[in-house]
Amino acid sequence: MTRLHRLRAPLALTACAGLLAACSSGGKTSSTTLVYTTVSATNPITAGAPMNPFNASGNYFPGFDTMQLGFDKQNPTNPEDFFPAIAASWTITSSGITVRLQPGAKWSDGTPVTPADVKLSMAIALTQGSATVGAGFLTQGLDIGSVTEVNSSTIQIDQAAGGSNLDFGRLVLGQYIVPAEVYGSLVPSTVWDTITDLTSTDAATANAAVTKLNAIGKIVSSFSPAKDVSAGPFVVARINPGSAELTRNPDFYGVAKIAPSEVILRHYSGNSDIWGYMKSGELDSAPYTSMPTNILDAVEGAGYSRIDTASYVDAAIAFNESDAPYDQTTVRQALAYVIDRQAVTKVGEPVGGTAAADLTGMVEAATKQWLTPAQVSSLNPYAPDQSKAASLLTAAGFTKSGSQWLLPGGTPWKITLQTVSGFSDWNAAATVISSELDAFGIPTQVKLTSDFATYKTDMAAGKYAVGFWLIALGPSASAAYQRLYGQDDGYTANADGTVTHSDGGGNWQHTPTGYTVGGAPIDPGQLTAQLATLSSTAARPVVQQLALATNAQLPVIPIWDYTAVDFTYDKRFTDFPGPSSPDINGLMYDGPGVWMMQGYVKAK
Amino acid sequence: MTTWRVLTRRPGRVIGLLILALFALMAVFGPYLYAGPLAVDPNAIYSAPSAQHWLGTDFAGSDVLQEIVIGARYVLETAALSALFAAVIGTLVGLVAGYHRGPTDSVLMRLTDFVLTIPGLPLLIVLSTIWSFGQPYEMAIALGVTGWGGVARAVRSQTLSLRERGFLEAARGLGLSSRHVIFRELLPNLAPFVAMNMLLAVIAFIGAEVALFFLGVVPFSSSNWGVMLNQAVFSGGAMDSPAALSYLLAPLLCILLITIGIVLFLDAVDELFNPRLRERS
């Protein structure tokens, strides 16, 4: 055997190993495949779950294989501001929305996307938790009365009679669109008659309609399609326990813009899994993932770029004002002066949070858009000041015995601060807040509820006097103030345009029905209900009143604005959206599938 | 005097006793040593061990040593109470089943089999959704009530062996009541065995309770050792970055030390309660 012959076997093995390594390493490209690897922000992979966007744990991936009429740009003052998707354009009127479909929009089986698909999808949307009668139906916002096929590419979607929700267009555009050929057999042909019955004046008819729609909803949500049929840029090829593999959809209307030929979505069971993927440079982008600063340093050290955007959610301390002494504005103000929000944020949400600055019930970015600079500067920032807190409490009749504050009746004031097991940011923050209140003279115990579902139920039942809560859920001001002065505060918007208030049933906040802003009395619940029906111009003075009232009355103490911190990795792809990209808030909110549709993400 | 001689015969036994004494003192006096609330320092999050903070700091800049010392009470009180509950229930069931045999034995052993088949940790996770486990005795009841099966089986075996001995036949021959025979004749002879089982159970119960806190299914208290592990791994990134490593290792080291202490001390207990071992040495 010659020397060359002896070397043949090891050389062949080495060549094979090299070839394998080239093909298998994460995100590597070969001549035929260009793989984009990430994780789904909302859906960890659930092996065996149906590829159905209406299934609670389904394997569906918005922006990749699951499409909407449009994708939200997260514009706080314009609820109609969306990226086009299945809808190429739309016109929103006071009574409804006219949608024009993308020319050439097709499903991955080659059939065109039709108005029938949209009509069916809207009917299904009304079976998925939105099916309630009368006022509730209208309050939900997605109060679709009828869907009319204008022509082969145009659909008219109208609100139910009496509905005038400003967010109607936004809600319609954000619904998942599914193929009628796959889902049509699950929904009876009489479904629109049933939907019409929801608004019947006959209670029995309306309730029967709710029952029917809920039953349809259950059938739809448990349905498991044999294969993924997608109108998006990708289609699911296979679901493994550790990842989902999606291939580019050649029938996608904008396929020319889509650079990756394949997308791998990694499974994760917790944030630490995502940290690990990023540390090894496996992901081409990663959605917002809560992390401590030491991990942030490691991730940035691995080559990731950070993009911070507004997320329109606040973490706050909420009060049940039916529990003394939290019914007193001065008490809540005093607590706001004691809590050092910067310090709490630094511990609780050091990477994805910014200490709340304005305390208006909206995130800072929204406050600055709605209020004038003069109004913003007039807001009380409640900077930490223990002497101010002490003087407010003293004026309210509180006394101090040694280092302990006593209630006006002379009993020691103790606080139980409620939070949720597993919410590590809230729990860490609660540790700091309890330490600060302890040091001020109010012994504070942190108590945990086992899960968020129980927490919400207990909160609604008024079981907690002081507890963590999410507020400022936007981006619209209407949604943000509904959180403070809506159903949780006993207000109900009725179909006839009136607003009623009740102290019972679901009212756990118990804020007063009257505030004074600039010497003028306002009813925050009435004003909040109006916001859903007002244009942004007409809504501005109302939002300003509510913001000023909230800052003065502090029904909640906002602690931090969440910041969406996304990451991109430019070793395999380039042209990612960056901080200066237009509509960056929406792009980061919607994820890489939408970036690609917008022409971002190119092979390096 | 014999006790002291047995304890000091091997250095390992003294070390074991010292470790257990240290942790017992920590549990009793720890909260007094660090009176007042746990101080936080947002500017010193996960700082490395230093002269000021011997074991570094945690996610809130609090002193890890202080948390270990304060947290010892909950951990050890829970484990000790759990072991006590398990020993009391298990011994009672084992004694009665082994002494009476027959239908009583069958019923009690089927009950024991049932308890042994209960998956402990999943059950506790489910229980934690309805019970806050805020106090050590609450956790101890849950652990003890689900953890006595093994003790009952072992005690029954010992009882079956003892009941054939002459002194018990004599007791029965004298017409003494079952209660007298069980509690005055059998129990004293089984006490060393039960005591050793109890000590071993303490190790198991420390593991179980810390696991529950580590999984994040029971109340958050920054000074609980299990919560410390949870925070270090899932929030502090101890597996991905060295910053939170001392925060992770401190409670692990404590659990390891307690385990070593109990195992070393058991050697002395074994000799103390076993005359044949004493005679040999």
Side-chain angles (χ1 to χ4, degrees), chain A residues 269-280 290-299 301-302 340 342-350 355 403 417 419-440 443-451 453-454, chain B residues 35-48 56-63 66-67 124-135 212-224 226-228 230-245 247-248:
Chain A
S269 54
N271 291 337
S272 53
D273 292 343
I274 302 174
W275 303 342
Y277 293 145
M278 282 198 278
K279 272 191 70 190
S280 60
S290 184
M291 61 177 65
T293 45
N294 53 316
I295 295 295
L296 174 70
D297 294 342
V299 164
D340 182 346
Q342 293 281 359
V344 176
T345 306
K346 204 167 178 179
V347 171
E349 198 61 57
S403 62
L417 178 57
T419 170
V420 186
S421 179
F423 281 32
S424 59
D425 53 350
W426 287 11
N427 299 338
T431 303
V432 182
I433 291 171
S434 70
S435 174
E436 289 175 347
L437 292 172
D438 278 338
F440 179 66
T444 302
Q445 185 195 12
V446 177
K447 278 191 84 175
L448 272 79
T449 306
S450 57
D451 59 89
T454 309
Chain B
L38 198 64
V40 299
D41 182 0
N43 295 315
I45 294 170
Y46 292 129
S47 41
T57 62
D58 73 351
F59 62 92
S62 299
D63 187 61
Q66 185 179 354
E67 291 174 66
L124 289 168
I125 290 171
V126 172
L127 279 179
S128 69
T129 62
I130 49 171
W131 209 357
S132 73
F133 293 125
Q135 295 297 322
L212 279 177
F213 281 99
F214 172 69
L215 291 172
V217 294
V218 278
F220 181 93
S221 159
S222 57
S223 59
N224 186 286
V227 173
M228 292 171 77
N230 175 294
Q231 286 286 318
V233 173
F234 299 118
S235 302
M239 311 304 279
D240 295 286
S241 151
L245 207 55
Y247 185 47
L248 172 77

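Hydrogens, waters and symmetry mates play no part in the numbers below; they use all other heavy atoms, side chains included. The structure presented is a predicted model; accordingly, all values stated were derived computationally and were not measured.
Interatomic distance, OG1 of A/T293 versus CZ of B/F59, reported as 13.5 Å (0.5 Å rounding). Atom CG of A/N427 sits about 9.0 Å away from atom CG of B/N230, to the nearest 0.5 Å.
Across A/K346 and B/I45, no two heavy atoms sit closer than the pair O-CD1, 3.5 Å. Of all non-hydrogen atoms in B/D240 and A/I295, the two that sit nearest each other are CB-CD1, 3.5 Å. Residues A/W275 and B/F234 come closest through the heavy atom pair CH2-O, 3.2 Å.
Looking at B/D41, there are no atoms closer than 4.5 Å to chain A (heavy atoms on both sides), in backbone or side chain.
Across B/P242, B/A244, B/S62, B/G237, the residue that shares the most heavy-atom pairs under 4.5 angstrom with chain A is B/G237. Chain A forms more heavy-atom pairs under 4.5 Å with one residue of B/A60, B/A39, B/A243 than with any other, namely B/A60. Interface check for chain B: of the options A/A430, A/S272, A/G276, A/S435, the most heavy-atom pairs under 4.5 Å are formed by A/S435. The candidate with the highest count of non-hydrogen atom pairs below 4.5 Å against chain B, out of A/Q342, A/M291, A/K279, is A/K279.
Under a 3.5 Å cut-off, the side chain of A/N294 and the backbone N or O of B/G236 do form a donor-acceptor pair.
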